[in-house]
Amino acid sequence: MDLPSTIARPVDHELVIKKSRFLAHLAPAGSVAEADAVIARRRKELWDARHHCVAMVLGIHADQARSSDDGEPGGTAGVPMLEVLRHRGVTDLVAVVTRYFGGVKLGAGGLVRAYSGAVAGALDVAAASGALLRRELLHEVTVDVPHGDAGRIDNVLRDWASSHGSVVEPPAYDAVAHLRLLVPGDELDTLSADVAAASAGALSPAVGDARVVNVPTPARS
């Protein structure tokens, strides 16, 4: 099962509708406390705005969520913002949309479109700038190699990782070289076979725990 994505850094986007400004701010948040700190900071920075509407999704499986209309008509801001976050499959982030009223009422439908559109636009900025992080469940794998063979096997593993959705981690050294990778579960058998082939059967990967890993996604033009 695919895990929800997240963002690596804060992202901003501005939407103007009938002279009202909607300033969307997305920020990473690993807990409610971190999200609340982001919200408080935005309120302080943009103290003269009328509304600071909020949506947050938390947890590896996006199983925690909160939203606030902050004085806008009920259901016109926080929930639409939250629906965008859920539809885009993201988690561990908070969205704050600050509104500066432009003097023209937008109506309930207009507010829903504005707040959801501001968040969608910020997520588009995140994707275009490479700020989105894909999350994967990868297995820790160690290949213990005699020092004399470490350079060659290290090159083999780096080439292998680049074409098998894996991540190379820094090696450790003592009596032998401990070469380390993070590998998808469905690639473990392939890795064992390829390591055996590269070492004439002398080496065998040791599989450890699985953990969730953030993987950068290429920026979109």
Side-chain angles (χ1 to χ4, degrees), residues 2-59 61-135 214 216-221:
D2 291 339
L3 295 173
S5 301
T6 190
I7 59 174
R9 56 184 179 272
V11 175
D12 294 284
H13 175 68
E14 179 175 350
L15 184 63
V16 179
I17 300 177
K18 294 183 179 179
K19 299 183 180 179
S20 279
R21 298 172 63 209
F22 296 84
L23 309 180
H25 179 75
L26 304 183
S31 66
V32 172
E34 289 182 14
D36 286 344
V38 172
I39 298 163
R41 186 164 59 249
R42 291 295 284 178
R43 288 184 178 277
K44 183 176 181 180
E45 292 171 351
L46 304 176
W47 57 270
D48 57 339
R50 179 172 293 191
H51 305 285
H52 302 275
C53 302
V54 173
M56 68 179 77
V57 183
L58 305 172
H61 298 287
D63 50 5
Q64 301 176 56
R66 292 187 182 183
S67 65
S68 167
D69 295 314
D70 194 37
E72 293 283 29
T76 62
V79 169
M81 293 164 57
L82 185 58
E83 287 301 311
V84 172
L85 298 181
R86 289 200 178 283
H87 178 71
R88 294 291 190 96
V90 292
T91 190
D92 284 340
L93 80 168
V94 58
V96 183
V97 177
T98 300
R99 181 190 183 191
Y100 285 93
F101 183 53
V104 179
K105 292 185 177 181
L106 303 182
L111 289 174
V112 168
R113 288 188 293 272
Y115 280 103
S116 60
V119 173
L123 288 170
D124 289 342
V125 170
S129 65
L132 277 180
L133 295 173
R134 188 177 75 254
R135 281 182 164 171
N214 291 334
T217 58
R220 293 202 315 237
S221 57

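The structure presented is a predicted model; accordingly, all values stated were derived computationally and were not measured.
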Beyond-backbone contact of Leu85 with Val119, side-chain heavy atoms, under 4.5 angstrom: yes
Any side-chain heavy-atom pair of Pro4 and Val90 under 4.5 Å: no
Flag side-chain contact, heavy atom, 4.5 Å: Val84 against Leu123: yes
Between OG1 on residue Thr76 and CG on residue Leu106, distance to nearest 0.5 Å: 10.0 Å
Inter-residue atom distance Met81.CE - Leu26.CG, 0.5 Å rounding: 8.5 Å
Charged N-O contact under 4.0 Å between Glu72 and Arg50: no
Side chains of Val104 and Ser20 in contact at under 4.5 Å (non-hydrogen atoms): no
Presence of salt bridge, Arg88 and Asp124, under 4.0 angstrom: yes
Residue pairs, two or more places apart or on separate chains, that pass ring pair (Phe, Tyr, Trp, His ring centres under 6.0 Å) and touch residues 20-39: Phe22-Tyr115
Test item: Arg66 and Val32 side chains (from C-beta on) under 4.5 Å apart, heavy atoms: yes
Step-by-step salt bridge (Lys or Arg N to Asp or Glu O under 4.0 Å) determination, Arg42 to Glu45: CA-CA 5 Å; Arg42 291 295 284 178; Glu45 292 171 351; 3.6 Å; yes
Pro28 versus Val38, closest heavy-atom pair with distance: O-CG2, 4.5 Å
Interatomic distance, Thr98 atom OG1 to Ile39 atom CD1 [nearest 0.5 angstrom]: 10.5 Å
Check: Leu93 and Met56 side chains under 4.5 Å, non-hydrogen atoms: no
Shortest non-hydrogen contact from Ala77 toward Asp69: N-OD1, 3.2 Å
Candidate pair Ile7 and Leu132, rule side-chain contact (heavy atoms from CB on, under 4.5 Å), full reasoning: CA-CA 4 Å; Ile7 59 174; Leu132 277 180; 3.8 Å; yes
Heavy-atom pair of closest approach, residues Ser116 and Pro80: CB-O, 4.0 Å
Thr91 side-chain N/O to Gly59 backbone N/O, donor-acceptor pair under 3.5 Å: yes
Test item: Glu34 and Val94 side chains (from C-beta on) under 4.5 Å apart, heavy atoms: no
Side-chain touch Arg135/Asp92, heavy atoms, less than 4.5 angstrom: yes
Shortest non-hydrogen contact from Leu58 toward Ser31: CD1-C, 3.7 Å
Which atom of Arg86 lies closest to which atom of Ala65, heavy atoms considered: NH2-CB, 3.0 Å
Smallest separation among heavy atoms of Ala55 and Leu82, with atom names: CB-N, 3.6 Å
Residue of the set His52, Arg43, His51, Arg99 for which side chain to side chain donor-acceptor pair (under 3.5 Å) holds with Asp70: Arg43
